[in-house]
Amino acid sequence: MPELPEVEILVRHLAPLLKGKTIRGVEVRRPKVLAPTTERELVRSLRGAKFTGLSRRGKYLLFSLRRPKRRDPLLLVGHLGMTGRMYLMPKSATLPKHAAVVLDLGRTRMVYEDTRYFGRLTLDRGGLEKLGPEPLGPDFTAAYFAVNLERSRQPIKVKLLDQTLVAGVGNIYASEALFRARISPRLAANKLSAGQIKNLRQAIREVLTEAIGSGSTLPLDFAGNGGRDGLFYYGGSGDESSFYQERLLVYDRQGQPCIRCRSPIKRLVQGARSTFYCVGCQRA
DNA sequence: CACCATGTTCCTTG
DNA sequence: CCAAGGAACATGGT
């Protein structure tokens, strides 16, 4: 479930639900997701703390908390990895098989579940400092982008996944942005023209913005979705997944005709990850 | 059994 | 020191 748009949608959904809630208890079922924070450390820090805000940096979730009798704020950092999800659920409902951390909020509880346990929920903020600018923020300028692409000979698709270049673009939206900008995923980063750099920057921003816009129209209540939180994500089942797929023009569409030129969409492997592109409109 | 999967980090090699 | 490539992490779907 995790690229910038999905995390942003989750943040907007959870922020008002969490604000003002006090953590009564903490249950850690998979201590590895806390690393390098220990279970004892997390429980001691969070018990009694109150949520004051929730924001996002790249694909990271930033939970702001205030502890009783303390002025200094506490920051809880979340990352969903490949399969992580977070939602509130009633205490009467059964916990999912791969619940990693459960926060008791009184009437409800917040669950962080993660099938593959690649994500994390931790007090460690290492990694945040290394992140590049927010793609939708003011620092992601064409000039910044150009300077940082110049020094790399990596294929542009691979470079887009570098979170120190720009924070939040993942494997799906990297392919989507390159398709929109009509740039070959194999083109070396330092070979992009000034025009291509401008187009790609704009394509990244549009692809992410549109994805956030589509998501916000969906229901997000746990109760209204038969046990799911309503967040659509690739690999999910039912309506959520098909809705998501319609928004993707090349990702996972190998063999299908390009919507612009009818050429077949191809799949290739770069840096051990799949890339999807149109052989007709994304020439090197 | 084979291969694939939205992410990040660590290790090796050059 | 840096860049690049690949494996590892863990589980499930097809």
Side-chain angles (χ1 to χ4, degrees), chain A residues 1-11 29-36 56-61 77-86 96-100 112-122 124-132 135 148-178 185-186 188-191 204 207-208 211-212 214-215 228-229 231-238 240-245 247-255 267-276:
Chain A
M1 130 97 243
E3 284 190 39
L4 185 152
E6 293 75 33
V7 178
E8 176 65 24
I9 289 160
L10 179 61
V11 164
R29 309 189 138 214
R30 211 24 113 114
K32 93 152 255 208
V33 305
L34 312 180
R56 179 191 60 72
R57 180 78 176 88
K59 301 171 193 172
Y60 290 84
L61 294 136
V77 177
H79 195 292
L80 298 172
M82 298 263 271
T83 52
R85 308 170 69 215
M86 288 187 193
K97 181 175 180 184
H98 299 293
Y112 161 42
E113 79 160 293
D114 193 339
T115 308
R116 291 165 75 179
Y117 304 110
F118 285 177
R120 60 196 184 128
L121 189 62
T122 177
D124 171 46
R125 64 186 69 197
L128 292 179
E129 291 84 355
K130 302 175 205 149
L131 292 176
N148 287 277
L149 290 182
E150 265 168 26
R151 292 171 298 154
S152 174
R153 276 161 305 213
Q154 280 188 304
I156 185 61
K157 156 59 165 48
V158 174
K159 196 65 194 165
L160 287 180
L161 300 181
D162 177 355
Q163 302 298 296
T164 69
L165 172 68
V166 58
V169 177
N171 203 41
I172 292 176
Y173 295 109
S175 284
E176 294 297 317
L178 287 166
R186 299 187 214 252
N190 63 358
K191 298 291 189 197
I204 289 168
V207 160
L208 298 178
I212 292 169
S214 312
R228 308 189 78 93
D229 63 357
L231 285 169
F232 56 93
Y233 58 101
Y234 178 73
S237 57
E240 302 159 19
S241 179
S242 46
F243 183 87
Y244 192 13
Q245 273 292 279
R247 311 274 128 196
L248 303 177
L249 304 183
V250 288
Y251 187 83
D252 208 20
R253 285 184 181 270
Q254 67 269 40
R267 170 182 181 270
L268 80 119
V269 175
Q270 296 179 294
R273 323 262 338 246
S274 290
T275 298
F276 300 89

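Residue numbers begin at 1 in each chain, while the letters A, B, ... track the order of the sequences. Any value given below was found using the heavy atoms of this structure, including those in side chains, with hydrogens, waters and symmetry copies removed. Quick caveat: nothing in here was measured; it's all calculated off a predicted structure.
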Worksheet entry | Interatomic distance where CD belongs to A:Gln270 and P belongs to C:dG5 [whole Å] | 10 Å
Worksheet entry | Intra- and interstrand pairs of DNA chain B - dot-bracket, Watson-Crick/G-U under 3.5 Å, | marks other strand | .||||.||||||||
Fill in: Protein-nucleotide distance (A:Phe118, atom CZ; B:dT8, atom P), rounded to Å
12 Å
Worksheet entry | Nucleotide C:dA10, atom P - distance to CZ of A:Arg120 in whole Å | 16 Å
Worksheet item: Can you find a heavy atom in the side chain of A:Glu8 that is under 4.5 Å from one in the side chain of A:Leu208?
Response: no
Discussion item. Taking any heavy-atom pair under 4.0 Å as a contact, classify A:Lys97: base, sugar-phosphate, or nothing.
Written reply: sugar-phosphate
Worksheet item: Does a nitrogen or oxygen in the side chain of A:His98 sit under 4.0 Å from OP1 or OP2 of C:dG12?
Response: yes
Worksheet item: Can a side chain N or O of A:Lys159 be found less than 4.0 Å away from OP1 or OP2 on C:dA3?
Response: no
Worksheet item: B:dC4 phosphate, OP1 or OP2: any side-chain N/O from A:Arg116 under 4.0 angstrom?
Response: no
Worksheet item: CG of A:Leu160 versus C1' of B:dG7: gap in Å, rounded?
Response: 15 Å
Practice prompt. Using atom CG of A:Leu128 as one end and atom C1' of B:dT8 as the other, report the distance to the nearest whole Å.
Written response: 13 Å
Discussion item. If I take atom CZ in residue A:Arg273 and atom P in nucleotide B:dC3, what distance separates them, rounded to the nearest angstrom?
Written reply: 18 Å
Practice prompt. Would you mind telling me which residue lines up with the more 5' stretch of DNA chain B, A:Gly126 or A:Arg267, judged by nearest nucleotide?
Written response: A:Arg267
Discussion item. I want to verify a distance call: between B:dC4, C:dT11, B:dG7, whose nearest atom is closest to the A:Thr115 side chain?
Written reply: C:dT11
Practice prompt. With sequence neighbours excluded, tell me which residues meet ring pair (Phe, Tyr, Trp, His ring centres under 6.0 Å) with A:Tyr112.
Written response: none
Fill in: Validation row: A:Tyr60, A:Leu131 side chains within 4.5 angstrom (heavy atoms)
yes
Worksheet entry | Minimum heavy-atom distance A:Leu165-A:Asn148, with the two atoms named | CD1-CB, 3.5 Å
Item to complete: Taking ring pair (Phe, Tyr, Trp, His ring centres under 6.0 Å) as the test, write out the residues that go with A:Phe118, two or more places apart.
Response: none
Discussion item. The criterion is side chain to side chain donor-acceptor pair (under 3.5 Å); which residues satisfy it with A:Arg267, sequence neighbours excluded?
Written reply: A:Ser274
Item to complete: Report the nucleotide, chosen from B:dG7, B:dA5, C:dA10, that has the shortest atom-to-atom distance to any side-chain atom of A:Asn171.
Response: B:dG7
Discussion item. Counting the atoms with a prime plus P, OP1 and OP2 as sugar-phosphate, which does A:Tyr117 contact under 4.0 Å by heavy atoms, base, sugar-phosphate, or nothing?
Written reply: sugar-phosphate
Worksheet, complete the sentence: The correct set of residues in residues 161-170 of chain A placing a heavy atom under 4.0 Å from DNA chain B is A:Gln163, A:Gly170
Discussion item. Once side chain to side chain donor-acceptor pair (under 3.5 Å) is applied, do any residues pair with A:Arg116, and if so which ones, sequence neighbours excluded?
Written reply: none
Item to complete: Please state how far atom CZ in A:Arg151 lies from atom P in C:dC2, giving the value in whole angstrom units.
Response: 11 Å
Fill in: Euclidean distance, atom CZ of residue A:Arg85 to atom C1' of B:dA5 [Å, nearest integer]
16 Å
Worksheet item: Within the pair A:Lys32 and C:dC9, is there a side-chain N or O less than 4.0 Å away from OP1 or OP2?
Response: no
Discussion item. Suppose you measure atom C1' in B:dT8 against the same atom in C:dC1; what distance do you get, rounded to whole Å?
Written reply: 22 Å
